[in-house]
Amino acid sequence: MISPYFQDHMEGNVCFGCGSKNDDGLHIKSYWEDDKAICIWNAEEKYHGWANLLSGGILSTIIDCHCMGTAMADAYKSENRALDSAPFYRYATGILNVKFLKPTPINTPIKLIATITERKGRKITMHCEAWSDQVKTAEAEVIAIQVFSSADNAKENPFID
Ligand SMILES: CC(C)(COP(=O)(O)OP(=O)(O)OC[C@H]1O[C@@H](n2cnc3c(N)ncnc32)[C@H](O)[C@@H]1OP(=O)(O)O)[C@@H](O)C(=O)NCCC(=O)NCCSC(=O)Cc1ccccc1
């Protein structure tokens with residue numbers, strides 16, 4: 001069986017938030033639960049904003065990366081094909097609008113839940129929530145734009161090495 005984690009199908013990804021090829025990164029992992037994309041991530045002390053609370057920038061980063069992976073996985077799903085099938089698509093963040101609702105404790109697993117709200121051309125719009133136990137600590141509106149398809153032959157592309 002192939003890995004259900006979206007990020008395991010982004011070969012060579014050096015991203016700080018989601019890249020398996022970044023030793024210092026956050027290494028988030030996202031997967032489907034029905035039509036919702038889930039990510040459960042454990043923070044560490046070094047990601048403090050205020051003492052014992054997660055930095056808003058780090059929270060934004062994991063929301064961002066979770067949604068870019070979700071956009072990719074959703075595109076494959078829309079084409080009725082597996083995560084490891086070609087052509088490979090990559091998405092970049094067009095809009096990331098995060099509303100911080102409550103402080104996010106650093107010592108409790110953080111659950112991200114992303115839902116697709118619109119698909120239009122190369123653009124996928126998502127709503128994402130961050131939860132700490134039963135508390136919703138943030139919600140975000142995110143737009144991902146497809147910036148790479150392996151079906152397009154070797155066009156110059158700043159998003160790919
Ligand atoms: C590529 C693009 C986002 C869009 O340019 P183009 O390709 O020329 O787009 P084009 O003009 O052809 O429009 C097509 C459609 O899209 C719409 N639309 C366009 N822009 C926006 C917008 N901003 N927001 C909303 N919508 C927008 C536009 O209206 C049109 O829609 P329509 O068909 O009329 O309904 C460009 O602005 C850019 O490079 N920005 C920097 C991105 C960046 O650096 N992000 C951070 C790094 S990524 C990261 O960190 C995560 C990560 C890490 C690792 C792994 C994976 C993920």
Side-chain angles (χ1 to χ4, degrees), residues 2-33 35-44 46-49 54-79 81-100 104 110-131 137-161:
I2 68 163
S3 166
Y5 298 118
F6 307 160
Q7 290 78 15
D8 290 349
H9 304 284
M10 300 168 108
E11 201 184 333
N13 184 6
V14 296
C15 175
F16 172 67
C18 57
S20 58
K21 292 280 182 287
N22 187 327
D23 291 343
D24 298 321
L26 305 178
H27 299 136
I28 67 156
K29 296 282 188 190
S30 310
Y31 56 93
W32 290 119
E33 243 176 49
D35 60 344
K36 296 188 185 316
I38 306 295
C39 167
I40 295 172
W41 184 75
N42 292 294
E44 294 176 54
K46 63 185 171 187
Y47 302 126
H48 279 173
L54 183 62
S55 150
I58 296 291
L59 182 55
S60 302
T61 298
I62 62 171
I63 290 172
D64 182 8
C65 285
H66 176 54
C67 288
M68 293 310 109
T70 298
M72 177 195 81
D74 181 71
Y76 294 7
K77 207 197 239 194
S78 297
E79 294 173 11
R81 60 189 180 87
L83 285 168
D84 62 346
S85 66
F88 307 116
Y89 298 156
R90 296 292 177 266
Y91 283 80
T93 320
I95 292 182
L96 174 65
N97 187 358
V98 184
K99 187 171 180 185
F100 299 95
T104 303
I110 295 155
K111 183 175 188 180
L112 305 180
I113 306 173
T115 315
I116 309 288
T117 55
E118 189 180 45
R119 302 173 184 88
K120 186 169 180 245
R122 294 162 52 219
K123 203 166 60 175
I124 296 185
T125 306
M126 287 153 281
H127 174 79
C128 185
E129 297 179 353
W131 289 80
T137 68
E139 58 189 18
E141 304 309 319
V142 185
I143 295 184
I145 317 276
Q146 192 186 309
V147 290
F148 173 75
S149 164
S150 62
D152 296 341
N153 290 329
K155 269 197 285 181
E156 195 175 310
N157 189 326
F159 292 99
I160 297 292
D161 276 345

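Note that ligands are numbered from 1 as they come in the structure, with each ligand's atoms numbered from 1 the same way.
Close contacts of ligand 1 with Tyr91, meaning ligand atoms under 4.0 Å from a residue heavy atom, involve 56 (C), 57 (C). The atoms of ligand 1 that sit less than 4.0 Å from any heavy atom of Ile95 are 24 (N), 25 (C). Near Ala92, meaning under 4.0 Å from one of its heavy atoms, ligand 1 places the atoms 48 (S). Taking every non-hydrogen atom of Arg122 and a distance limit under 4.0 Å, the qualifying atoms of ligand 1 come out as 6 (P), 7 (O), 9 (O), 10 (P), 12 (O), 14 (C).
Closest to atom 31 (O) of ligand 1 among all protein heavy atoms lies Lys123 NZ, 3.5 Å. The nearest protein atom to atom 35 (O) of ligand 1, hydrogens excluded, is given as Lys120 NZ, 2.9 Å; this is a heavy-atom distance. At the shortest separation from atom 43 (C) of ligand 1 among protein heavy atoms lies Thr93 O, 3.8 Å. The protein atom (non-hydrogen) at minimum distance from atom 52 (C) of ligand 1 is Met68 CG, 4.0 Å.
Considering each of Thr125, Asn157, Val147, Ile143, the one bringing a non-hydrogen atom nearest atom 25 (C) of ligand 1 is Ile143. If you check each of Asn13, Val142, Thr61, Ile145 against atom 19 (C) of ligand 1, the one with the closest non-hydrogen atom is Ile145.
Ile40 contributes atom CD1, which lies 10.5 Å from atom OG of Ser30 (distance to the nearest 0.5 angstrom). Atom OG of Ser78 sits about 4.5 Å away from atom CZ of Arg119, to the nearest 0.5 Å.
Residue-to-ligand polar distances place Gly94 within reach of ligand 1: an N/O pair is separated by less than 3.5 Å.
No donor-acceptor distance shorter than 3.5 angstrom exists from the side chain of His66 to the backbone of Ile113, with no hydrogens or angles considered.
For atom 56 (C) of ligand 1, a protein heavy-atom neighbour is found at a distance under 4.0 Å. Shown here, atom 12 (O) of ligand 1 is in close reach of the protein: a heavy atom of it lies under 4.0 Å off. Distance remark: protein heavy atom not present below 4.0 angstrom from atom 33 (O) of ligand 1. The nearest protein heavy atom to atom 27 (C) of ligand 1 is closer than 4.0 Å. For atom 45 (N) of ligand 1, the nearest protein heavy atom lies under 4.0 Å away. Within a 4.0 Å radius of atom 16 (O) of ligand 1, the protein has at least one heavy atom. Under the 4.0 angstrom criterion, atom 49 (C) of ligand 1 counts as having a protein heavy-atom contact. Within the 4.0 angstrom cut-off, atom 8 (O) of ligand 1 has no protein heavy-atom neighbours.
Just one of Cys128, Cys65, Cys67 meets the side-chain contact (heavy atoms from CB on, under 4.5 Å) condition when paired with Leu112; it is Cys128. No option in Gln146, Arg122, Lys123 other than Gln146 meets the side-chain contact (heavy atoms from CB on, under 4.5 Å) test with Tyr91. Only one option out of Thr61, Ile143, Ile63 pairs with Leu96 in a side-chain contact (heavy atoms from CB on, under 4.5 Å); it is Ile63.
The side chain of Phe159, and not its backbone, has at least one atom closer than 4.0 Å to an atom of ligand 1 (non-hydrogen atoms only; side chain from C-beta on). At a heavy-atom distance under 4.0 Å, only side-chain atoms of Cys15, from C-beta outward, approach ligand 1.
For Arg90, the heavy-atom gap to ligand 1 stays at 4.0 angstrom or more.
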